[in-house]
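Beneath this line is the structure, given in structure tokens, with notes to follow.
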Amino acid sequence: MKKYLNYIDGEWSESSSSKFVEILNPANGEVLGEVTQSTKEDVDRAVQAAKRAQKEWRLVPAPERAEFLYKVAFLLKERKEEIAQVLTSEMGKVIDEARGEVQEAIDMAFYMAGEGRRLFGDTVPSELRNKFAMSVRIPVGVAGLITPWNFPIAIASWKSFPALVTGNAVVWKPATETPIVAFEFAKIYEEAGLPKGLLNLVNGSGSVVGDAMVEHPDIDLISFTGSNEVGSAINARAGQLLKRTSLEMGGKNAVIVLADADLNLAVDGILWGAFGTSGQRCTATSRIIVHQDVKEELEQRLVQRIGELSLGDGTDESVKVGPVINRSSLEKIHEYVKIGQQEGAKLLAGGSIVTDNGLERGNFYAPTIFTNVTPEMRIAKEEIFGPVLSIISVKSLEEAIEVNNGVEFGLSSSIFTADVNLAFQAMRDLDTGIVYVNAGTTGAEIHLPFGGTKGTGNGHRDSGVAALDVYTEWKSIYIDYSGKLQRAQIDNY
Ligand code: NAP
Ligand code: MG
């Protein structure tokens, strides 16, 4: 059986624990390999290596650091198909989406490599004569990255590229569910010739490896994407330790459909947003907020089209919806469906674990739609992270916005309308980090900030120039060339 190891200080190594965990294909239960389960000591070894490597790396000019990112980008391009196939078999998303995810990592590599020649600071006039003032970005030190399974390479790229180009070293813990994609990514860094110790991969559980990273005094910042439960616990502990955290967490994203909307377009956007990646995207559409005048019409069209979504192994090009990540996720989704029924919502489609045609060996859930959902119901408020959509009807745009904003999350939202005035009102008032007009809730591009308001995050953003703020400190520098003591705020007034 293929064994997946850690990559620490430029060497592939097994944890001293000698423990391994099996990696399963969620489409059929096949064992793909096993992954080493690291200890606190392994984390410490990785951190020491990172710390040593960063001392030299911070002195490498940023454009030279960026050269490694260009190499990574070209290697990712070369292996796009191979990695996409691995991603689908390990994580389950359909192959087209897996290719898109690898493309996102390629885009991010080129984009952040370009930052190596920017990393702009300010030069500003001093208030004193013969004095110069400027600000520069400096690396934070060792960045601890903790990533989820649903975008195993994209999110690792969103975090590791800006961390490295700005002069940090990285200790990365991928999700237990997706170590093979992590292995492929680390291998590419190795082949690109990134100096040893700058990118360390430490496999293992959140409770052991993740926890040790948060506690480690030489990890200067934690960049985390995952659930609110884990993110808020990390934040609480990091707060005590005065450690910087960047947290990207859950969503309860809605599509608003107004009475004048192009319903065909809305249906396309909704199906893609709700059932792509089997609803396991942080930006997945899980609510539709529809104007009462078009509710029935929209429901009819959705029910008709949902039947066309073929389920199966995502490596089959004709399949539209793949499995969910594991058994416990499948059960959690089904629990929510039962909760929805108990709450009085009406099931329009789906609502069951799929057990026919050999799919019972995988974790398949039928694309599900509830209607007559009210904003107070749990299915309208809590993140389900599966292919379950709730339809809520409203009487106006104002009410739609209120419903959209009435949840604890604030990641993504969308509105379908032909009225430019209403669209602009929505862009202003929707309280989410991402807003789409006449498109679904998913489809972020890497050169814009990605993240959410309220319970979705803690004010930071992945991707875009905004990501640089996570991995750098500002240093303000004053150079006095007057040859005498000049006291700011005093000698000039
Ligand atoms: P999760 O359980 O919170 O896991 C995320 C990562 O945290 C994994 O690597 C996990 O390791 C680790 N972890 C678990 N317990 C930990 C602890 N005590 N200390 C430190 N690290 C710990 O989330 P998930 O179930 O994998 O992912 C789904 C969630 O991610 C959803 O809520 C989704 O909305 C969110 N998400 C958000 C975004 C965004 O950008 N806003 C993007 C994608 C996903 P193990 O794998 O070993 O448990
Ligand atoms: Mg988990």
Side-chain angles (χ1 to χ4, degrees), residues 19 21 23 35-38 40 43 90-91 93 101 104 144-159 171-179 181-182 201-216 219 222-238 243 245-253 277-286 324-326 328-329 332-333 382-386 407-412 432-434 441-442 444 446 448-464 466-467 470:
K19 279 194 212 127
V21 161
I23 310 154
V35 58
T36 191
Q37 293 299 289
S38 306
K40 211 173 145 199
V43 172
E90 182 178 51
M91 182 274 161
K93 68 177 63 176
E101 181 178 341
E104 199 166 330
L145 314 183
I146 301 176
T147 54
W149 47 262
N150 67 337
F151 280 90
I153 193 161
I155 293 176
S157 80
W158 292 359
K159 295 182 189 302
V171 175
W172 172 31
K173 189 206 100 60
T176 300
E177 312 285 12
T178 48
V181 170
L201 171 69
V202 187
N203 289 288
S205 72
S207 54
V208 176
V209 174
D211 195 60
M213 286 168 65
V214 174
E215 294 293 334
H216 203 294
I219 288 192
I222 296 284
S223 178
F224 167 85
T225 297
S227 63
N228 279 57
E229 192 190 351
V230 174
S232 67
I234 289 176
N235 210 31
R237 183 60 184 137
K243 189 171 291 199
T245 58
S246 167
L247 309 170
E248 292 297 343
M249 299 169 291
K252 189 69 190 175
N253 317 292
T277 320
S278 307
Q280 304 167 109
R281 292 169 174 145
C282 48
T283 54
T285 307
S286 66
V324 300
I325 189 70
N326 54 33
S328 73
S329 186
K332 181 186 152 196
I333 293 164
E382 296 172 20
E383 185 179 49
I384 300 173
F385 226 55
V407 293
E408 68 169 298
F409 303 105
L411 186 53
S412 180
T432 54
I434 305 169
T441 56
T442 65
I446 59 94
L448 279 82
F450 182 96
T453 61
K454 300 191 287 186
T456 292
N458 66 336
H460 291 285
R461 292 292 184 269
D462 273 332
S463 92
V470 173

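All values below were derived from every heavy atom in this structure, side-chain atoms included, with hydrogens, water molecules and symmetry-related copies excluded. Just follow the structure's listing: the first ligand is 1, and inside any ligand the first atom is 1. If you're wondering where the values come from, they're calculated on a predicted model, not measured in any experiment.
- Counting atoms of ligand 1 from 1 in the listed order, those under 4.0 Å from a heavy atom of I234 are 20 (C).
- By the side-chain hydrogen bond (donor to acceptor under 3.5 Å, both in side chains) test, T178 is found to be paired with no residue, residues two or more places apart in sequence or in another chain being considered.
- Residue contacts with ligand 1: F450 is placed with no nitrogen or oxygen under 3.5 Å of a nitrogen or oxygen of the ligand (distance criterion only).
- When only interatomic distances are considered, the shortest N/O to N/O separation between S207 and ligand 1 does not fall below 3.5 Å.
- In summary, the side chains of E104 and W158 do present a donor paired with an acceptor at a separation below 3.5 Å, with no hydrogens or angles considered.
- Looking at heavy atoms from C-beta onward, S286 lies out of side-chain contact with I384 at the 4.5 angstrom threshold.
- Residue F151 does not touch ligand 1, judged by heavy-atom distances below 4.0 Å.
- Residue-ligand proximity, S205 to ligand 1, at heavy-atom distances under 4.0 Å covers atoms 47 (O).
- Within the cation-pi definition used here (under 6.0 Å to the ring centroid, within 45° of the axis), K173 does not qualify as a partner of F224.
- Assignment of I155 to the shell around ligand 1 is supported, since a heavy atom sits closer than 4.0 Å.
- The closest approach between G452 and ligand 1 stays at or above 4.0 Å for every heavy atom of the residue.
- Interface atoms of ligand 1 facing D211, defined by a heavy-atom separation under 4.0 Å, are 19 (N), 20 (C).
- Counting heavy atoms closer than 4.0 Å to ligand 1, residue E177 contributes nothing at all.
- Distances below 4.0 Å separate heavy atoms of T176 from the following atoms of ligand 1: 45 (P), 46 (O), 47 (O).
- The ligand atoms of ligand 1 that sit less than 4.0 angstrom from a heavy atom of T225 are 5 (C), 36 (N), 37 (C), 38 (C), 39 (C), 40 (O), 42 (C), 43 (C), 44 (C).
- For the pair F450/C282, a side-chain contact is recorded, criterion being any heavy-atom separation below 4.5 Å from C-beta on.
- Heavy-atom proximity to G204, at under 4.0 Å, picks out these atoms of ligand 1: 47 (O).
- Side-chain contact check for K159 versus T225: some heavy-atom pair is nearer than 4.5 Å.
- Side-chain contact between N150 and I155: present, with at least one pair of heavy atoms (C-beta onward) separated by less than 4.5 Å.
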>> If you apply the rule side-chain contact (heavy atoms from CB on, under 4.5 Å), what do you find for N228 with E408, and how did you get there?
In response: CA-CA 11 Å; N228 279 57; E408 68 169 298; 4.3 Å; yes

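- Residue C282 approaches ligand 1 through these ligand atoms, each under 4.0 Å from one of its heavy atoms: 34 (O), 36 (N), 37 (C), 38 (C), 39 (C), 40 (O), 41 (N), 42 (C), 43 (C), 44 (C).
- With contacts defined as side-chain heavy-atom distances shorter than 4.5 Å, the pair K40/E215 does not qualify.
- Of the heavy atoms in N228, none comes closer than 4.0 Å to ligand 1.
- Looking only at side-chain heavy atoms (C-beta outward), D462 and S223 come within less than 4.5 Å of each other.
- Compare P148, G210, A444 by their heavy atoms: the one nearest to atom 27 (O) of ligand 1 is in P148.
- Counting only non-hydrogen atoms, the option in V230, V209, V21, N326 that gets closest to atom 15 (N) of ligand 1 is V230.
- Residue I146 touches ligand 1 through its side chain alone, judged by heavy-atom distances below 4.0 Å.
- F385 has its side chain out of reach of I325: every pair of non-hydrogen atoms, C-beta onward, lies at least 4.5 Å apart.
- The residue D462 has no part lying near ligand 1, judged by heavy-atom distances below 4.0 Å.
- Counting the atoms of ligand 1 from 1 in the order shown, those under 4.0 Å from a heavy atom of N150 are 43 (C), 44 (C).
- Listed by chain and residue number, nothing satisfies the side-chain contact (heavy atoms from CB on, under 4.5 Å) test with A233 (two or more places apart in sequence, or in another chain).
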